[in-house]
Amino acid sequence: MTSHPSSSSLRGRAREQKMLDRLLLDVRDGHSRALVLHGESGVGKTALLTYLAGRAPAGRVVRTVAVETGSEIAYSALQQVCAPLLSHLNPLPAAQRSALSTALGLSGGESPGHLLIGLAVLGLLAQAAAAEPLVCIVDDVQWLDSVSVAILAFVARRLDAESVALVFAVSTSAPGLAPANVRLLVGLPELRVERLGDQDARALLDAALPGPVDPSLRDLIVAESRGNPLALLELAREI
Ligand SMILES: Nc1ncnc2c1ncn2[C@@H]1O[C@H](COP(=O)(O)OP(=O)(O)OP(=O)(O)O)[C@@H](O)[C@H]1O
Ligand SMILES: [Mg+2]
């Protein structure tokens, strides 16, 4: 598991942090926002999501946790998003309540249609955000079950003025990438998380190194990592 620095120690992400701050301000103002962070593995998508979660109102964040082996169990990611919000299920129309309850395994019955489940999730998020803004974070989309991603993408496209942020992150280089999941998010607002520039890469490396190192070795690590923070940190650890 990778550890994540505090928001103040993120290097070279002022633009991205500003964008996430803006998104939170919009949501606090009663709008809803969807956003998809794209970028190669180790570039810092989860670190930015952690920054976002840290800036969101306390207790108003739901976050999925994916496993690298992937999950083929339908609705497992959706279950993670919805489980903390189930106290808001009651006001939903009966058909939606029943569809979502069945999908999440809370009640039996025929497998419900995705449209009904999608509308139910939208309603659930709206209810949960009625009193205070809500931030939903869906990380590692490439490893999630496709049914959940399809439903969450449906919800993201229909968000309007519920005070909900629905923020996804997807790796463009992870092994076992599910291109179908990535396609489901096409057209949603995007934030491309790029490699760090040379100066920020050097600053991150210097902060990670236990002490001074030979300048040529430092240059070599920066070149080798090609601005990927995870690569930089791993190379620094090997010294
Ligand atoms: N801008 C940054 N400044 C300092 N540390 C960073 C920065 N970006 C990422 N890191 C650190 O680099 C490591 C990798 O970052 P992170 O896990 O966020 O990558 P990721 O894009 O989510 O990768 P993956 O696609 O594999 O999930 C983490 O330890 C993280 O804290
Ligand atoms: Mg990540």
Side-chain angles (χ1 to χ4, degrees), residues 1-23 35-56 61-71 76-77 80-81 135-146 148-149 152 165-185 188-210 213 218 221-239:
M1 199 166 145
T2 38
S3 65
H4 289 280
S6 68
S7 57
S8 58
S9 59
L10 278 181
R11 302 274 174 188
R13 294 299 186 212
R15 182 185 74 92
E16 292 79 359
Q17 288 173 306
K18 213 168 152 190
M19 219 169 141
L20 295 175
D21 289 344
R22 178 76 253 166
L23 177 140
L35 183 67
V36 186
L37 274 56
H38 291 261
E40 66 183 21
S41 289
V43 80
K45 301 177 296 300
T46 301
L48 283 166
L49 293 178
T50 300
Y51 169 81
L52 174 71
R55 309 278 287 185
V61 180
V62 290
R63 197 167 178 170
T64 62
V65 180
V67 282
E68 196 162 336
T69 46
S71 174
S76 51
Q80 290 187 35
V81 172
V135 177
C136 303
I137 293 178
V138 184
D139 200 359
D140 294 315
V141 166
Q142 72 279 358
W143 291 328
L144 302 180
D145 68 280
S146 296
S148 292
V149 179
L152 290 168
L166 182 44
V167 182
F168 303 86
V170 60
S171 170
T172 48
S173 68
L177 196 73
N181 281 5
V182 180
R183 272 201 299 275
L184 288 166
L185 302 178
L188 289 171
E190 283 184 9
L191 171 57
R192 295 221 159 250
V193 185
E194 307 287 354
R195 293 169 177 172
L196 295 178
D198 230 44
Q199 216 179 331
D200 291 313
R202 278 173 198 282
L204 177 56
L205 177 62
D206 288 344
L209 287 171
V213 295
R218 198 166 158 258
I221 295 176
V222 170
E224 185 77 11
S225 72
R226 294 192 289 164
N228 182 298
L230 181 63
L232 265 171
L233 294 173
E234 284 181 346
L235 288 166
R237 252 194 301 272
E238 282 170 24
I239 289 181

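Atoms within each ligand, like the ligands themselves, are counted from 1 in listed order. The first residue of the sequence shown is numbered 1, and numbering continues consecutively from there. Predicted model, so just to flag it, every value in this text is computed and none were measured.
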Contact check, G42 vs ligand 1, heavy-atom distance below 4.0 Å: yes

Crowding at CD, Q199 (>12 non-hydrogen neighbours, <6.0 Å): no

Closest to atom 19 (O) of ligand 1 (judged by heavy-atom distance), picking from A207, P229, G44: G44

N-O pairing of E194 and R192 below 4.0 Å: no

Carboxylate-amine/guanidinium proximity below 4.0 Å for D206 and R202: no

T50 versus R63, side-chain donor and acceptor atoms under 3.5 Å: yes

Side chain, backbone, both or neither: the part of V193 lying under 4.0 Å from ligand 1 by heavy atom: neither

Ligand 1 N/O within reach of T46 N/O, cut-off under 3.5 Å: yes

contact_flag G39 ligand 1 heavy-atom lt 4.0 Å: no

Student check: side-chain heavy atoms of R13 and V193 closer than 4.5 Å: yes

Non-hydrogen side-chain atoms of L196 and P229 separated by less than 4.5 Å: yes

Polar atom proximity, A47 to ligand 1 (N or O, under 3.5 Å): yes

Metal site the Mg ion (ligand 2): N/O/S of S171 inside 2.8 Å: no

Location of contacts on D140 toward ligand 1, heavy atoms closer than 4.0 Å: side chain

